[in-house]
Asker: 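My questions will all concern the structure given below.
Order of the sequence lines sets the chain letters (A, B, ...), proteins ahead of strands, with each chain counted from 1.
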Amino acid sequence: MEYNFREIEKKWQQRWVEEKTYRVAEDKNKPKFYVLNMFPYPSGAGLHVGHPLGYIASDIYARFKRLQGYNVLNPMGYDAYGLPAEQYAIQTGQHPEKTTFQNIDRYREQLDKIGFCFDWDREVRTCAPGYYKWTQWAFQKMFGSFFSKSPLTPEGESYPGGRAYPIEELVAYFEEKGTDGLDEYGVAQTENLTFSAEEWKAMDEKQKSDTLMNYRIAFMGETMVNWCAGLGTVLANDEVVDGVSVRGGFPVEQKKMRQWCLRVSAYAQRLLDGLETIEWSDSIKETQKNWIGRSEGAEVEFKIADSDESFTIFTTRADTMFGVTFMVLAPESELVEKVTTAEQKAAVEDYIKYVKGRTERERMIDHKVTGVFSGSYAINPFTGEKNPIWISEYVLAGYGTGAIMAVPAHDSRDYAFAKHFNLPIIPLIEGADISEESYDAKEGIVTNSPRKDVKPYIDFSLNGLTVKEAIAATKKYVKEAGLGRVKVNYRLRDAIFSRQRYWGEPFPVYYKNGIPTMIPEECLPIELPEVDKFLPTETGEPPLGNATVWAWDELNKKIVENSKIDNKTVFPIELYTMPGFAGSSAYYLRYMDPHNDEALVSKEADEYWQNVDLYVGGSEHATGHLIYSRFWNKFLFDLGVSCKEEPFQKLINQGMIQGRSNFVYRIKDTNTFVSFDKKDGYDVTPIHVDVNIVSADVLDVDAFKAWRPEYETAEFILNDEGKYVCGWAVEKMSKSMFNVVNPDMIVEKFGADTLRLYEMFLGPVEQSKPWDTNGIDGCHRFLKKLWKFMTQTDPLCPSDISPSMGRPCGEGAIENKPNGNLPIEGEMSEGQRGSSPSKEELKALHTLIKKETADIEAFSYNTTIAAFMVCLNELTKLKCTSREVKETLVILLAPFCPHLAEELWHLLGHDTCVCDAPWPAFNEEYLKEDSVKMMVAFNGKARFPLEFPADVTKEDAEKAALADPQSAKWMEGFTVAKVIVVPGKMINVVLKK
RNA sequence: GCGCUUGUGGCGGAAUUGGUAGACGCGCCAGACUUAGGAUCUGGUAUCUCCGAUGUGCAGGUUCGAGUCCUGUCAGGCGCACCA
């Protein structure tokens with residue numbers, strides 16, 4: 001009987017759906033295990049073979065854990081909001097929901113063919129109102145919270161690294177004390193505001209609202225963006241080149257705009273600390289650490305000469321205070337206006353204009369040395385010297401205080417600037433050569449601090465200390481002398497949370513006389529309104545401005561037509577929508593309790609499932625989704641919604657599957673194509689050819705002629721074997737390279753089990769690799785051999801049994817009387833049960849059990865499959881007929897090839913689903929070696945002359961080695977230095993002269 | 001520039017604490033069975049000057065013994081990048 005994978009897979013996929021085999025529910029009697037994949041954005045192109053890689057890896061793990069007795073949650077859903085659907089809508093007028101749903105259906109169809117154990121009853125879609133209700137809800141909670149390192153009230157709970165508190169507590173504080181003493185609590189804020197309780201009380205509603213925005217976790221803030229007036233929208237940095245938009249070529253300017261933001265920066269320290277508690281790869285942790293960019297330093301205040309004003313700079317090199325020769329402000333700094341003198345006004349304005357014309361991206365790419373003198377000087381509190389204040393784009397407004405003290409001797413950027421503008425350079429480290437470049441290393445002995453040739457300005461010296469000591473000493477001095485404070489800075493910025501787009505979650509916010517006001521929680525979700533076009537409005541408002549029903553009736557608590565806006569009881573609703581990461585930040589919690597209307601997740605479900613034990617997805621999300629999601633979850637943790645601070649305990653980053661493109665070589669100006677191995681000597685143009693008409697790099701010539709009309713008359717120069725051989729290259733898998741391999745095609749040709757096996761056999765899951773269909777035969781052959789082994793040598797499974805005669809599995813199946821002619825346990829004769837396993841068979845089997853159990857846990861799937869192949873070979877050679885061995889083998893196969901395993905399991909007479917079988921325990925007894933080899937090592941060479949029983953002792957081995965004539969010959973002139981016994985492996989006899 | 005990571009046959013890739021490098025698969029070679037083979041089965045397949053020696057990017061080191069540990073170096077991949 002043939003291995004009819006088409007029939008088998010179709011049958012079991014149907015059964016699994018009908019019997020809801022993979023539905024899971026909370027079960028307090030079983031330990032939980034939560035496996036999760038990063039949910040996909042359903043693009044119009046459908047899945048290619050690279051997409052399922054991570055799903056297959058986690059599916060195997062999920063099935064393995066279930067076999068081990070865990071209650072496994074393995075859900076799937078869709079990140080449904082995204083730009084492609086909106087762009088398609090703009091072009092065609094089709095509602096993005098329609099295309100998104102079509103794409104989801106296509107994805108589902110493709111996924112279903114691969115045989116995953118997803119519990120589809122728990123599917124989530126970010127664009128479903130029942131889902132985004134909770135995205136909106138979380139946003140409102142962030143709006144209603146502020147972040148503080150310690151509680152403002154004595155009874156408030158504290159948390160290491162700080163936490164979120166209700167904004168009401170801050171309001172109460174303002175009522176009582178204003179901002180007095182707020183610094184000491186460590187309240188996260190945009191800027192350092194100062195007002196008294198009286199001033200607070202005197203504020204009107206709008207002023208109070210604006211003030212609170214300075215503290216809220218979700219807040220409205222002024223942010224620098226790339227604004228493109230021609231397109232009426234904000235652009236990302238990569239959408240801008242040379243100051244114009246990539247699409248349309250419209251000019252782009254840096255503009256401050258009011259945007260919703262999330263105060264992610266407040267959680268910087270907790271995001272950093274949390275990394276120590278989770279099992280992620282070093283590289284991804286490092287990437288996040290880099291992104292968060294913690295740096296310890298000091299803030300020092302500098303007075304402006306001939307003025308009452310002063311400003312603060314941030315430095316990590318407090319030890320270099322005596323080497324400051326100038327100061328630099330960011331062009332965007334508010335101080336620029338204050339320090340610019342009348343004489344320099346024109347020059348400064350010119351410079352600011354020049355900087356404004358440059359995008360962030362341009363500033364990143366070419367680090368030109370530019371700048372302008374402001375005309376003012378700052379007084380160095382350590383030397384009393386007047387340092388000129390410059391303005392330059394190399395200082396960033398968004399980091400530190402937007403102002404620096406320049407120490408050209410020990411900072412390469414300051415050095416370049418000083419050289420360019422001819423500013424003095426004072427070396428501060430003994431022996432440092434600064435004639436060609438600055439000495440940036442934090443090593444050496446400090447000198448010139450203060451310089452010996454000048455009269456000390458203050459009673460403080462760093463001379464003779466190491467750099468590290470000097471940094472500490474200066475920090476201490478700065479603090480004690482009241483010159484500034486010790487400060488930790490983070491590179492992590494607050495996330496801009498609004499987009500001028502249609503296809504996203506609407507904000508549950510309306511504007512009451514200009515004050516952003518939350519729509520009451522009980523009215524959520526606020527559903528995305530219908531619009532007639534998806535472009536910005538003519539007046540430059542976001543696409544939601546096209547909605548005619550988009551006003552909030554405060555009295556009746558409902559959305560009404562815009563025409564009713566009277567700004568008394570009916571107000572306009574926010575026109576921005578949320579960005580992509582809004583819906584993907586807490587979806588893992590929703591899977592625990594996807595249909596709950598009362599809460600994001602119930603307490604019971606959250607406490608049972610806790611957090612994700614294993615998260616699988618691409619590393620490209622390291623600084624996006626994986627930061628936002630951790631932030632979002634930490635906030636929900638503060639709220640008491642999530643019981644775990646970290647959402648994803650263990651993370652595996654699956655590699656990307658690249659495409660393997662094929663080329664044909666057309667001889668220039670002809671329609672003749674020359675085979676790869678003959679192309680030298682011709683002037684050829686390589687042309688991408690569809691990989692689906694190429695097999696093992698050999699072109700199907702007829703299919704090629706039929707591929708495109710212009711190739712119909714193509715002629716070929718074949719190689720000596722009469723074949724047309726194509727060239728190849730590894731590239732990104734994309735339609736335009738004609739190298740997309742579709743999983744459906746593989747499933748059709750080889751079956752889902754072969755696809756699953758092959759994708760895992762290709763190499764380590766974490767590694768990126770090109771897809772190459774050529775090797776798939778080996779995996780398919782293995783399954784065919786396995787099928788043959790299971791069915792042809794087993795008295796239980798005569799070869800005439802049709803696979804469709806298997807019995808159902810799952811609920812209720814146990815009651816079913818087994819049908820047909822298959823005997824069941826207890827009613828079997830000796831012959832039917834098969835022979836009892838031999839020692840060799842058990843050894844082969846248990847070698848596999850041991851390896852597979854350990855390897856799956858380590859995500860080393862390719863080695864597991866290799867071990868499986870070896871085991872099968874061994875058992876086939878041994879002509880194993882043992883039923884016990886076969887049953888175990890089927891369970892071991894089940895995580896990888898669930899369809900085939902299910903079929904075989906039922907052919908073996910079981911009624912239940914193979915996924916509920918117990919994972920086999922491995923027995924060390926069977927693996928014991930009979931003997932070990934003795935290795936005699938001398939002169940750097942080694943020999944293996946003797947074998948001993950496995951349990952030989954050191955003494956016996958030494959005695960035997962000396963007694964053996966062959967060994968004794970080698971040992972002539974040597975003495976035994978030491979004897980090392982590696983149990984079960986070898987005995988090592990080391991000889992010395 | 002900084003950080004992380006990977007270098008092993010023709011190819012994808014194996015190799016517990018250092019212990020017979022190249023598992024397993026592809027490809028290739030030979031044979032068997034076949035009217036046929038892009039089916040199946042069996043055997044072989046690192047290199048060379050082939051009874052021996054050399055081999056894990058390169059150069060050193062530690063060790064009886066190194067793909068594995070240490071130092072330096074080169075190359076590829078990824079991330080950050082004027083972060084003071």
Side-chain angles (χ1 to χ4, degrees), chain A residues 281-295 297-298 313-318 320 328 330 363-369 392-396 398-407 410-414 416-417 440 489-493 619-620 622-623 653 655-656 660 695-698 728 757-758 761-764 766-782 784-785 788 850-851 854 858 860 862-871 873 933 935-944 974 977-978 980 982 985-992:
Chain A
S281 72
D282 286 347
S283 72
I284 212 127
K285 281 187 184 180
E286 206 55 47
T287 303
Q288 289 211 342
K289 277 182 199 164
N290 235 317
W291 188 258
I292 295 166
R294 181 192 154 101
S295 68
I313 57 93
F314 174 75
T315 181
T316 54
R317 290 296 300 272
T320 60
V328 190
R363 284 172 69 165
M364 264 187 240
I365 291 168
D366 73 299
H367 297 171
K368 268 191 266 181
V369 180
S392 173
E393 59 179 334
Y394 87 86
V395 175
L396 306 175
Y399 186 76
T401 60
I404 63 152
M405 58 178 214
V407 185
H410 303 294
D411 183 285
S412 56
R413 297 151 302 179
D414 297 347
F417 196 84
D440 291 13
N489 256 320
Y490 300 91
R491 204 192 68 95
L492 186 69
R493 313 247 179 118
S619 58
E620 68 272 21
T623 54
N653 296 113
M656 268 217 299
R660 189 177 185 279
S695 175
D697 288 338
V698 176
W728 62 274
L757 204 61
Y758 183 55
F761 189 63
L762 225 44
E766 289 102 320
Q767 205 168 296
S768 286
K769 58 233 154 192
W771 176 263
D772 182 0
T773 309
N774 290 333
I776 201 167
D777 293 335
C779 287
H780 192 58
R781 216 168 280 156
F782 163 69
K784 282 199 280 190
K785 281 186 207 167
K788 207 167 140 191
K850 186 182 182 183
K851 181 125 185 87
S860 179
N862 54 337
T863 52
T864 301
I865 296 165
F868 218 116
M869 289 171 173
V870 172
C871 179
N873 244 329
K933 285 173 182 165
M935 188 175 81
V936 181
F938 61 105
N939 272 2
K941 317 248 168 184
R943 307 255 176 184
F944 294 93
F974 294 91
K978 55 182 167 180
I980 303 157
V982 185
K985 198 137 195 173
M986 65 173 51
I987 303 152
N988 191 348
V989 179
V990 181
L991 302 181
K992 281 244 163 81

Asker: Begin with the C-alpha distance, continue with both residues' side-chain angles, and end with the deciding distance and a verdict on side-chain contact (heavy atoms from CB on, under 4.5 Å) for A:K851 and A:T864.
Answerer: CA-CA 7 Å; A:K851 181 125 185 87; A:T864 301; 5.5 Å; no
Asker: Using Watson-Crick or G-U wobble pairs with both distances under 3.5 Å, give me RNA chain B in dot-bracket, 5' to 3', with [ ] for crossers and | for pairs to another strand.
Answerer: (((((((..(((......[....)))((((((.......))))))(((...)))..(((((..]....))))))))))))....
Asker: Could you go over nucleotides 24-30 of chain B and give all protein N or O partners under 3.5 Å, atom names and distances?
Answerer:
unit_1	atom_1	unit_2	atom_2	d
B:C26	OP1	A:R781	NH1	2.5

Asker: Side chains of A:I404 and A:F314, heavy atoms from C-beta outward: is any pair under 4.5 Å?
Answerer: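 A side-chain contact under 4.5 Å is absent here.
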Asker: Answer yes or no: is there a donor N or O on one side and an acceptor on the other, between the side chain of A:Q288 and the main chain of A:A622, under 3.5 Å?
Answerer: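 It does hold such a pair.
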Asker: Does a side-chain heavy-atom distance below 4.5 Å link A:N774 with A:I776?
Answerer: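 Not touching, per the 4.5 Å side-chain cut-off.
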Asker: B:G38 and B:G77: how far apart are their C1' atoms, nearest whole angstrom?
Answerer: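 Taking atom C1' in both B:G38 and B:G77, they lie 36 Å apart.
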Asker: Taking for each residue the nucleotide of RNA chain B bearing the nearest heavy atom, is the 5' side occupied by A:E286 or by A:Q767?
Answerer: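 Here A:E286 is the residue nearer the 5' end.
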Asker: I'd like the C1' distance from B:U63 over to B:U17, given in whole Å.
Answerer: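 Straight-line distance between the two C1' atoms is 16 Å.
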Asker: For A:R491, check salt bridge (charged side-chain N to carboxylate O under 4.0 Å, His left out) against everything at least two apart and list the hits.
Answerer: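 Scan of A:R491 (salt bridge (charged side-chain N to carboxylate O under 4.0 Å, His left out), adjacent residues dropped) gives none.
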Asker: For A:F761, give me all partners under ring-ring contact (aromatic ring centres under 6.0 Å, His included), at least two apart in sequence or on another chain.
Answerer: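 ring-ring contact (aromatic ring centres under 6.0 Å, His included) check on A:F761 returns nothing, list empty.
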Asker: Since syn is defined as within 90° of 0, does B:G9 count as syn or as anti?
Answerer: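 Glycosidic conformation of B:G9: syn.
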Asker: Atom OG in A:S392, atom NZ in A:K368: separation rounded to 0.5 Å?
Answerer: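 Result: 12.0 Å between the selected atoms.
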Asker: Any side-chain heavy atom of A:L762 within less than 4.5 Å of one from A:W771?
Answerer: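 Side chain of A:L762 against side chain of A:W771, heavy atoms only: contact under 4.5 Å found.
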Asker: Between B:G7 and B:U68, how far apart are the two C1' atoms, rounded to whole Å?
Answerer: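 So the two C1' atoms sit 14 Å from each other.
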Asker: Whole angstrom is fine here: how far is it from CG in A:L757 over to C1' in B:G12?
Answerer: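 Going from CG in A:L757 over to C1' in B:G12 covers 15 Å.
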Asker: How do A:K851 and A:T316 order along RNA chain B: which one's closest nucleotide is nearer the 5' end?
Answerer: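 Closest to the 5' end, via its nearest nucleotide, is A:K851.
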Asker: Give a yes/no answer on whether the side chain of A:S295 brings an N or O atom under 4.0 Å of OP1 or OP2 in B:A84.
Answerer: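 So the side-chain polar atoms of A:S295 do come within 4.0 Å of the phosphate oxygens OP1 or OP2 of B:A84, strictly under.
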Asker: Which listed nucleotide (B:A84, B:A14, B:C80) is nearest to the side chain of A:T623?
Answerer: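 Per side-chain heavy atoms of A:T623, the pick is B:C80.
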Asker: Starting from C1' on B:C82, measure out to CG on A:D440 and report it in whole angstrom.
Answerer: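 Those two atoms, CG and C1', are 12 Å apart.
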Asker: Where the side chain of A:I404 is concerned, which of B:A84, B:A14, B:C80 is the nearest nucleotide?
Answerer: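 The answer is B:A84, which lies nearest to the side chain.
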Asker: Atom CD of A:E620 and atom P of B:C80: how far apart are they, to the nearest Å?
Answerer: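 To the nearest whole Å, that distance equals 12 Å.
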Asker: Taking O4'-C1'-N9-C4 for purines and O4'-C1'-N1-C2 for pyrimidines, is B:C50 syn (within 90° of 0) or anti?
Answerer: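 B:C50: syn glycosidic orientation.
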Asker: Atom CD in A:E286, atom NZ in A:K289: separation rounded to 0.5 Å?
Answerer: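 Here the interatomic distance stands at 5.0 Å.
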Asker: If you define the side chain from C-beta out and look only at heavy atoms, does anything of A:T623 sit under 4.5 Å from A:T287?
Answerer: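 Heavy-atom side-chain distance check passes, below 4.5 Å.
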Asker: Looking at A:Y394, does any N or O in its side chain come under 4.0 Å of the phosphate oxygens OP1/OP2 on B:A84?
Answerer: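 A:Y394 to B:A84 OP1/OP2: no side-chain N or O under 4.0 Å.
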Asker: Which part of the nucleic acid does A:P764 contact within heavy-atom distance under 4.0 Å: base, sugar-phosphate only, or nothing?
Answerer: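 Sugar-phosphate, backbone atoms only, no base.
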Asker: Calculate the interatomic distance between A:W291 atom CH2 and B:C80 atom C1'; express it in whole Å.
Answerer: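 So the two atoms are 8 Å apart, to the nearest Å.
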Asker: I'd like a list of close polar pairs between nucleotides 76-78 of chain B and the protein, N/O only, cut-off under 3.5 Å.
Answerer:
none

Asker: Work out which heavy atom in A:T320 is nearest to a heavy atom in A:M405; give both atom names and the distance.
Answerer: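 The answer is OG1-CE, 3.5 Å.
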Asker: Counting side-chain heavy atoms from CB outward, which of B:A14, B:C80, B:A84 is closest to A:N862?
Answerer: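 Side chain of A:N862 sits closest to B:A14.
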Asker: How many Å lie between CZ on A:R491 and C1' on B:A84, as a whole number?
Answerer: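 For the pair A:R491 CZ and B:A84 C1', the rounded distance is 14 Å.
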Asker: Rounding to an integer number of Å, can you tell me how far A:D414 CG sits from B:G1 P?
Answerer: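 Whole-Å distance recorded here is 20 Å.
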Asker: Assign the ring pair A:Y394 / A:F417 to parallel, tilted or perpendicular, where the plane angle (0 to 90°) is split at 30° and 60°.
Answerer: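 Because their plane-to-plane angle lies in the 30° to 60° range, the rings of A:Y394 and A:F417 count as tilted.
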Asker: Name the nucleic acid region contacted by A:K784, choosing base, sugar-phosphate or nothing; use a 4.0 angstrom heavy-atom cut-off, strictly under.
Answerer: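 The residue A:K784 makes sugar-phosphate contact but no base contact.
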Asker: Whole angstroms only, please: what is the CG-P distance between A:L396 and B:C80?
Answerer: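 A:L396 atom CG is separated from B:C80 atom P by 16 Å.
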Asker: Would you kindly give the CZ-to-C1' distance between A:R493 and B:A81, to the nearest whole Å?
Answerer: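 Distance, rounded to whole Å: 12 Å.
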Asker: With sequence neighbours left out, what residues match A:N653 under side chain to side chain contact (heavy atoms under 4.5 Å, CB included)?
Answerer: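 Counting only residues at least two positions away or on another chain, A:N653 forms a side chain to side chain contact (heavy atoms under 4.5 Å, CB included) with A:S281, A:I284, A:S619, A:L651.
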